Every structure is written in structure tokens, then in C-alpha cells.
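Comments concern the structure below.
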There are 2 protein chains.
Amino acid sequence: MTVISTKLRARLLDALAHPNRIRVLEAIRSGHTCSCEIAPDLNLEQSNLSRHMKILVDRGILIPERDGVRINYRIADDEIYHMLDLAGELVRRAAERNILEEETE
Amino acid sequence: MTVISTKLRARLLDALAHPNRIRVLEAIRSGHTCSCEIAPDLNLEQSNLSRHMKILVDRGILIPERDGVRINYRIADDEIYHMLDLAGELVRRAAERNILEEETE
DNA sequence: TGAATACATGAGTAAATACTCAACAATGTT
DNA sequence: AACATTGTTGAGTATTTACTCATGTATTCA
């Protein structure tokens with residue numbers, strides 16, 4: 001079996017490791033398709049969002065498709081959402097553990 | 001349903017988003033338990049590794065347990081490995097997509 | 001052609017990150 | 001107590017990141 005590059009995995013995880021990029025992906029998940037919708041929705045500066053989108057595209061997470069003046073984005077792989085859900089699950093369970101640990105201290 | 005903090009999720013993902021921290025987790029997965037084994041195995045400066053371990057512990061990913069002079073680490077939640085596997089899967093599939101896209105260009 | 005809309009980018013800045021070396025702290029052994 | 005082993009931490013540095021403001025580019029439509 002092939003060893004998967006830790007570097008590429010780190011690059012992927014890193015692309016997801018920003019609150020605003022997570023929010024962008026959730027926005028796309030819930031139906032938004034272009035920056036022009038996402039920017040006001042998330043209250044992000046246009047140039048700032050553009051740079052976040054570039055990161056998500058460059059890392060193969062989003063696929064851009066021009067449609068007139070706008071650029072619609074779609075997720076490259078639905079498993080990305082699985083990743084975000086799993087991260088949420090882990091955070092939830094970590095919080096539970098900490099509560100339990102405090103109780104037994 | 002509760003909205004999971006994007007900030008906490010980002011912090012978790014960020015903790016995993018470094019090649020050496022991924023390698024550390026793989027080392028622990030494969031049976032290593034303390035820095036004294038991991039440092040030479042991964043060829044990392046001891047103080048550097050110590051800081052990586054601190055990040056993993058602080059973010060609730062590893063749990064440290066003192067045993068004499070050494071500190072043994074164990075994974076707080078096995079789903080962390082699931083996360084790393086999923087990241088690998090996503091990277092693999094992204095690479096496949098790029099090959100296919102190049103062919104159709 | 002000129003205006004409008006959507007997006008990208010250069011320049012500058014502040015903060016965070018990863019790393020190294022040297023010194024320090026904790027634990028166990030003789 | 002002296003020493004060895006393991007791990008932490010302060011200081012310094014280089015690089016990267018996120019952000020903003022202003023400007024530039026691409027596309028559409030009047």
C-alpha cells in the first residue's frame with residue numbers, strides 16, 4: 001500500500017483550518033454558489049474572501065465555474081463535508097470529556 | 001440542533017495541519033508512546049517535538065501520562081485517525097481528478 | 001463605447017508559526 | 001548528593017498568514 005504524503009494531507013487540513021473558510025464551505029453546502037452571495041452573507045471584505053476562495057480552489061476543495069460576471073463554486077468532493085462534520089463531532093466529544101474529567105478531579 | 005463553533009473546529013483541524021504532527025500521530029498509532037521514541041524515529045529536534053506535543057495535548061488530541069522520567073501519550077479519540085485517513089482519501093481522489101481533467105483538456 | 005457588476009491582485013502591516021540553541025525542571029538511579 | 005534521562009521554556013529569527021485599501025481585470029449590457 002502507498003504511503004500518503006503527510007505534506008499533502010497537511011495542506012488539505014490547513015485549507016480547512018480557518019473559521020471563515022469553514023463558514024464558506026457551509027454556505028456552499030447550504031446552496032450559495034458565488035462569492036457575491038457569500039461575501040455579504042458572511043460579512044467578509046470582498047478581497048479577503050477572494051483570497052480564501054483561491055486557497056480552497058488551489059487546494060482542490062472547490063471547483064470554480066464562470067457564469068457571466070460571476071464565478072460559481074461547487075465542492076470537488078462531498079467527503080469534504082464529512083470531514084467538517086467529523087471535526088464537529090470530535091470537538092463535541094472533547095468538550096464532553098473535559099466536563100467528565102473536571103467532575104472527577 | 002446546536003451550531004458547532006467554526007472556531008473550535010478550525011483549531012482542531014489546524015492542530016492536525018502539519019506534516020510532523022501527522023507523523024507523530026501515525027507513530028503513536030503504530031505503537032510508539034513517548035517523545036523519547038518518536039523524536040529519533042522522526043528525526044526531530046527534541047525541543048521542537050515538545051512544542052508539537054504541547055499543541056496536540058492543548059487541543060485535546062493527545063492525553064499525556066507521566067511514567068517515571070518519560071511521558072506516554074495516547075490518543076484522546078480514535079476518530080482522530082479516521083480524520084487522517086479521510087484526509088488521505090481526499091488527497092488521493094483529488095490527484096485522480098486532476099489526472100482525469102488533464103486528459104480531457 | 002461606457003457604465004455596472006464580480007472578482008483578482010499589489011502593497012503594506014500585524015500577528016502567528018515553526019524552528020534552533022541554550023538553559024532550566026522533574027524524575028529516577030547509583 | 002551527583003548524575004543521567006526526559007521533557008519544558010526563554011530568546012531570537014525567518015517565514016507565513018490574514019487582513020485592508022486601492023487599483024486592475026473580465027464580462028455583460030445599455
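Everything quoted here is computed from the prediction, not taken from an experiment. Values below: every heavy atom of this structure, side chains too, minus hydrogens, waters and symmetry copies. Each chain gets a letter, A, B and so on, in the order the sequences are listed, and its residues count up from 1.
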Looking only at dT28(D), dA8(C), dC19(D), the nucleotide nearest the V69(A) side chain is dT28(D)
Relative to each other, are the rings of H52(B) and H18(B) parallel, tilted or perpendicular (30° and 60° limits)? tilted
Correct closest heavy-atom pair for I61(A) and A15(A) would be CD1-CB, 3.5 Å
Distance in angstrom units between L49(B) CG and dC21(C) P, rounded: 15 Å
Measure CD/E45(B) against C1'/dT9(D) and give the value in whole Å, please. 13 Å
Return the value, rounded to whole Å, for the distance between atom CG of D14(A) and atom P of dT16(D). 12 Å
Using whole Å, report how far CG of N20(A) lies from P of dT20(D). 9 Å
From CZ of R11(B) over to C1' of dT17(C), roughly how many Å is that when rounded to an integer? 11 Å
Whether R59(A) and D14(A) form a salt bridge (side-chain N of Lys/Arg under 4.0 Å from carboxylate O of Asp/Glu) is what I want to check. yes
Polar pair under 3.5 Å, donor/acceptor by atom type, side chain S47(A), base dC21(D): yes
Does the side chain of H52(B) get closer than 4.0 angstrom to OP1 or OP2 of dT8(D) through an N or O atom? no
Result for 5'-nearest mapping on DNA chain C, choosing between Q46(B) and M53(A), is M53(A)
For N72(B) and I55(A), find the nucleotide of DNA chain D closest to each by heavy atoms; which residue's nucleotide sits nearer the 5' end? N72(B)
Check whether any side-chain nitrogen or oxygen of N48(B) sits under 4.0 Å from OP1 or OP2 of dA18(C), and answer yes or no. no
Check this for me: does the side-chain of R51(A) come within 3.5 Å of the base of dT17(D) through a donor and an acceptor? no
Check the pair L16(B), L25(B) against side chain to side chain contact (heavy atoms under 4.5 Å, CB included), reporting the backbone distance first and the verdict last. CA-CA 9 Å; L16(B) 304 178; L25(B) 293 172; 3.5 Å; yes
Under 4.0 angstrom between S50(B) side-chain N/O and dT8(D) OP1 or OP2: yes
Check the distance between dT20(C)'s P and L44(B)'s CG and give it to me in whole angstrom. 8 Å
Are OP1 or OP2 of dA18(C) and a side-chain N or O of R21(B) less than 4.0 angstrom apart? yes
Salt bridge (charged side-chain N to carboxylate O under 4.0 Å, His left out) evaluation trace for E96(A) with R93(A): CA-CA 5 Å; E96(A) 269 175 21; R93(A) 278 152 65 167; over 6 Å; no
Rounded distance (Å) that lies between atom C1' of dT17(D) and atom NE2 of H18(A): 8 Å
Separation of E37(A) atom CD from dT5(C) atom P, in whole Å? 16 Å
